[in-house]
Amino acid sequence: MISCRPQLLSSNPDKSLKPKIEFLRSVGFSTSDLTFILSKNPDVFTSSLDNQIVPAYGFLKGILGSGEAVILITKRAPWLLHNDLHKKIGLKIGALRDHGVPDSSISAMIKMQPRLFLAHSDRFTEALMKVKAMDFNPSSSSFYLALFAILGMSKSKWEEKFELYRSFGWSDDDIFKKQPQIMNISKDKIRRMMDFFLKDPGLGLSIVSSRPALMMLSLEKTIIPRYSVIHVLKSYGLVNKDVNLSTIWKMKENKFLDKYIIKYQEKVPQVLQVYQGKTVVGG
C-alpha cells in the first residue's frame, strides 16, 4: 500500500487517516472490510473525508437504499468512495429517470456494472437514446441489459458481432431485442454455437433464434452433453422424438440428472458415460 501511495508516510495519522477510518466504521464497515478496500485502493486514504468520502457514501446510500448495499458495492469498486459521484454519475442517473427508468432498476444497474457509469456523457446519452428507440420497456431488466451491452464495447466491435449474427441468418430483432446479453458473447463462441445448431437438421436457426437465451449457455458443459444424452435415449425409444430440447437445455442440473440420467441408467448404462464424456452422439 505504501509503495503505491508513498505520500501516506507524510500524512498525520490522527488528523488525516484516523477520522476516515472512524467514519467508515461508524457507518458499518468492519475492520476486514476496510482492510480489503484500502489494500485494493489506497486512494481512499488520500481522499478528503468531507469533500469526497462522506458525500460519496451519502450519494450511494440514497441510490442503493441501505448502508449494507454501499459496503458490498464499494468492496467491488472502492473507487466509488473517492470520486465526486454527483458529477460523475449524477447526471446520468437523472437522464435515466427522465426516460422512465425506475430507481429500483437504477440501483440494480449500479450494483451490477458501476464502472459503465464512467462512460463519457455523450456516449452514455447516445446509448440511452439507442435503447429507447428500440422500444425496450424502461421498467424492464432488458432495458438496462441492452444499455450495458452497448456501452460495454466499441462501435466497431458491436458492428462486427451484428454482422456475424446476420451471416448465420439472424434478423436484427432476434439478435438484440429478445436477449440483449447475447451481444456480450465472444465471436468465437458465436461461431461454435451456430456451427453446432446449424449442422443438425433437427435443430437449425429457428430453435436458437427464437430462444436466444440458449446462446448464453455453455456449449461444452450443457448443450452438447444433454443433446447427446437425449439422442441416445431416443435411439432406445425412451423419450419422445419431438421432445423440446430448449426446455431440456434450460433445466436445472439436478432435475436433468433425475429425469434423464438416473431414471434410465439401468436400462441404458452408457447414458452416464455419454453425459460425462461431453461427446456428441450422432448429429
Side-chain angles (χ1 to χ4, degrees), residues 112 134-137 140-146 148-149 152 158 160-283:
M112 288 174 64
M134 292 179 181
D135 293 327
F136 282 96
N137 182 347
S140 72
S141 60
S142 293
F143 187 95
Y144 61 78
L145 290 174
F148 285 165
W158 178 272
E160 286 174 6
K161 287 189 180 181
F162 244 95
E163 286 304 319
L164 182 56
Y165 276 113
R166 288 178 183 132
S167 73
F168 286 110
W170 289 64
S171 72
D172 285 5
D173 281 351
D174 286 337
I175 293 171
F176 191 58
K177 289 195 71 173
K178 292 179 182 177
Q179 187 75 28
Q181 289 169 294
I182 68 169
M183 289 298 287
N184 296 327
I185 299 170
S186 70
K187 290 187 287 184
D188 177 64
K189 182 179 179 181
I190 294 169
R191 292 188 188 96
R192 289 187 292 107
M193 294 288 280
M194 291 311 302
D195 286 345
F196 173 80
F197 283 108
L198 294 178
K199 77 178 181 181
D200 190 321
L203 300 178
L205 174 65
S206 61
I207 193 171
V208 65
S209 64
S210 61
R211 302 166 185 84
L214 295 175
M215 294 291 291
M216 307 298 295
L217 301 175
S218 169
L219 183 64
E220 293 77 14
K221 294 179 180 179
T222 302
I223 299 291
I224 289 176
R226 295 188 184 189
Y227 173 82
S228 300
V229 166
I230 298 303
H231 186 92
V232 169
L233 295 178
K234 280 182 180 180
S235 70
Y236 280 81
L238 295 172
V239 297
N240 193 310
K241 290 185 176 181
D242 297 324
V243 64
N244 190 325
L245 283 168
S246 63
T247 299
I248 287 168
W249 282 320
K250 289 186 286 186
M251 273 184 187
K252 290 186 176 180
E253 181 75 359
N254 59 348
K255 185 175 180 180
F256 178 81
L257 290 172
D258 286 343
K259 191 168 183 177
Y260 295 105
I261 303 295
I262 296 171
K263 181 178 179 179
Y264 295 113
Q265 197 168 357
E266 286 190 13
K267 291 181 181 178
V268 188
Q270 72 266 37
V271 74
L272 181 59
Q273 285 70 41
V274 167
Y275 187 60
Q276 292 176 333
K278 310 292 190 290
T279 303
V280 179
V281 178

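All of these numbers come straight from a predicted model, not from anything done at the bench.
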For Phe176 and Ala146, the nearest pair of non-hydrogen atoms, with its separation, is CZ-CB, 3.5 Å
Quick one: are Asn184 and Phe148 in side-chain contact, heavy atoms under 4.5 Å?
no
Spacing of CD1 belonging to Ile190 relative to OH belonging to Tyr165, to within rounding of 0.5 Å
3.5 Å
Give, for atom CG of Leu217 and atom CD1 of Ile224, the distance between the pair rounded to the nearest 0.5 Å.
12.5 Å
Do Met215 and Gln181 make a side-chain contact, defined as non-hydrogen atoms from C-beta onward lying under 4.5 Å apart?
no
Min side-chain heavy-atom separation Met112-Leu145 under 4.5 Å
yes
Would you call Lys178 and Asp174 a salt bridge, taking side-chain N to carboxylate O under 4.0 Å as the test?
yes
Quiz: residues 263-272 side-chain donor-acceptor pairs under 3.5 angstrom, not counting sequence neighbours:
{"residue": "Tyr264", "atom": "OH", "partner": "Leu238", "partner atom": "O", "Å": "3.2"}
{"residue": "Gln270", "atom": "NE2", "partner": "Tyr236", "partner atom": "OH", "Å": "3.0"}

Residues forming a side-chain hydrogen bond (donor to acceptor under 3.5 Å, both in side chains) with Lys234, sequence neighbours excluded:
none
Measure centre to centre between the rings of Phe197 and Phe168, then say whether the value is under 6.0 Å.
no
Listed by chain and number, what are the side chain to side chain contact (heavy atoms under 4.5 Å, CB included) partners of Asp135, not counting sequence neighbours?
Lys177
Calculate, to the nearest 0.5 Å, the distance between atoms CG and CZ belonging to Asp172 and Arg166 respectively.
4.0 Å
Rounded to the nearest 0.5 Å, how far apart are OG1 of Thr222 and CD of Glu220?
9.5 Å
To the nearest 0.5 Å, what is the distance between OG (Ser206) and CZ (Arg211)?
7.5 Å
Counting distance only, does the side-chain N/O of Lys161 pair as donor-acceptor with the main-chain N or O of Ile185 below 3.5 Å?
yes
Should Gln179 and Met216 count as side-chain neighbours, where that means a heavy-atom distance under 4.5 Å?
yes
Please report the interatomic distance OH(Tyr260) to NZ(Lys255), rounded to the nearest 0.5 Å.
8.5 Å
Is a salt bridge present between Glu253 and Arg226, judged by a nitrogen-to-oxygen distance below 4.0 Å?
yes
Does the side chain of Leu219 come within less than 4.5 Å of Lys189's, by heavy atoms?
no
